[in-house]
Amino acid sequence: MYSHAVKYRVCYADTDQMGYVYYGNYARLYEIARVETLRSLGVSYKSLEDNGIGLPVAEHYTKFLAPGLYDDELTIICHVDSLPTRKIEFSYQIKNEAGVLINEAKTTLVFWDLNAKKVIKAPDFIMNALQPYYQA
């Protein structure tokens, strides 16, 4: 399994009146981690788009365990769960500064041909970037 961690400082705009990270903002944290995880493999969303490929979210699951708080430095650990096919599955763990797990999530995205408007198989450059992490 391939994993990559990203640090994120919770700013005031991320929080609700109680100083907790607003639940809707977690999806943005997953996206930040997902984009940086692919970038760490040498694949940018821009390169996908330049090749006519989009990555829309098909499924999403979140479990809230404890609140993220204003000014916390969060660590978002993003895992690519398996080699992609027509879809790519990511899982996330968000920990606070004390190392306490506060959130778990999963997203499934599909590879989408932006011109033909249909699901396609994972491009070779993604498969080549991930293959070394999934060999027996």
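Given the structure is predicted, the values throughout are model-derived calculations rather than measurements.
In this structure, the side chain of Asn128 engages the main chain of Asp124 through a donor-acceptor pair within 3.5 Å. Checked by atom type and distance alone, the side chain of Asn51 pairs as donor or acceptor with a backbone atom of Ser47 at under 3.5 Å. Checked by atom type and distance alone, the side chain of Arg39 never pairs as donor or acceptor with a backbone atom of Ser44 at under 3.5 Å. The backbone N or O of Glu73 sits less than 3.5 Å from a side-chain atom of Glu97, completing a donor-acceptor pair. Of the possible donor and acceptor atoms, one in the side chain of Asn96 sits under 3.5 Å from a partner among the backbone N and O of Ala98.
For the pair Leu65 and Glu104, the minimum side-chain heavy-atom distance is below 4.5 Å. Side-chain contact between Tyr70 and Pro67: absent, with no pair of heavy atoms (C-beta onward) separated by less than 4.5 Å. At a threshold of 4.5 Å between non-hydrogen side-chain atoms, the residues Leu83 and Gln131 count as touching. Ile102 places none of its side-chain heavy atoms less than 4.5 Å from the side chain of Lys95. For the pair Leu74 and Leu29, the minimum side-chain heavy-atom distance is below 4.5 Å. The shortest side-chain heavy-atom distance between Asn25 and Tyr23 does not fall under the 4.5 Å cut-off. Proximity of Thr37 to Val80: side-chain heavy atoms (C-beta onward) are separated by under 4.5 Å at one or more points. In this structure the side chain of Asp14 reaches within 4.5 angstrom of the side chain of Arg28, judged on heavy atoms.
A distance of 10.0 Å separates CE in Met127 from OH in Tyr134, rounded to the nearest 0.5 Å. Here Thr62 contributes atom OG1 and Asn103 contributes atom CG; the two are 6.0 Å apart, rounded to the nearest 0.5 Å. Atom CG in Leu69 sits 9.5 Å away from atom OG1 in Thr15 (nearest 0.5 Å). A distance of 12.5 Å separates NZ of Lys121 from CG of Asp113, quoted to the nearest 0.5 Å. For the atom pair CZ (Arg34) and NE2 (His79), the distance works out to 14.5 Å, reported to the nearest 0.5 Å. Interatomic distance, NZ of Lys7 versus CD1 of Ile32, reported as 14.5 Å (0.5 Å rounding).
The shortest heavy-atom contact between Val6 and Ala33 is CG2-CA, 4.1 Å. For the residue pair Asp81 and Ser91, the shortest heavy atom distance occurs at OD1-OG, 2.7 Å.
One hydrophobic cluster holds both Ile76 and Tyr45 under the rule that ILVMFWY side chains link at heavy-atom gaps under 4.5 Å. Note on Leu109: it does not cluster hydrophobically with Leu114, by side-chain heavy-atom contacts below 4.5 Å among ILVMFWY residues. Note: the hydrophobic cluster containing Val119 does not contain Phe125 (ILVMFWY, side chain heavy atoms under 4.5 Å, direct or indirect links). Note on Tyr20 and Ile94: separate hydrophobic clusters, where clusters join Ile, Leu, Val, Met, Phe, Trp and Tyr whose side-chain heavy atoms are under 4.5 Å apart, directly or indirectly.
Taking 4.0 Å as the cut-off between side-chain N and carboxylate O, Glu89 and Lys87 count as a salt-bridged pair.
Cys78 pairs in a side chain to side chain contact (heavy atoms under 4.5 Å, CB included) with only one of the listed residues (Tyr2, Tyr30, Tyr92), which is Tyr92. Among Ile53, Leu48, Leu55, the one residue that satisfies the side chain to side chain contact (heavy atoms under 4.5 Å, CB included) test with Ile126 is Leu48.
In this structure, Phe64 has its ring center closer than 6.0 angstrom to the ring center of Tyr26.
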**Request:** Any chance you could lay out the side chain to side chain contact (heavy atoms under 4.5 Å, CB included) test for Asp71 and Tyr12, step after step, and finish with the verdict?
**Result:** CA-CA 8 Å; Asp71 204 39; Tyr12 189 75; over 6 Å; no
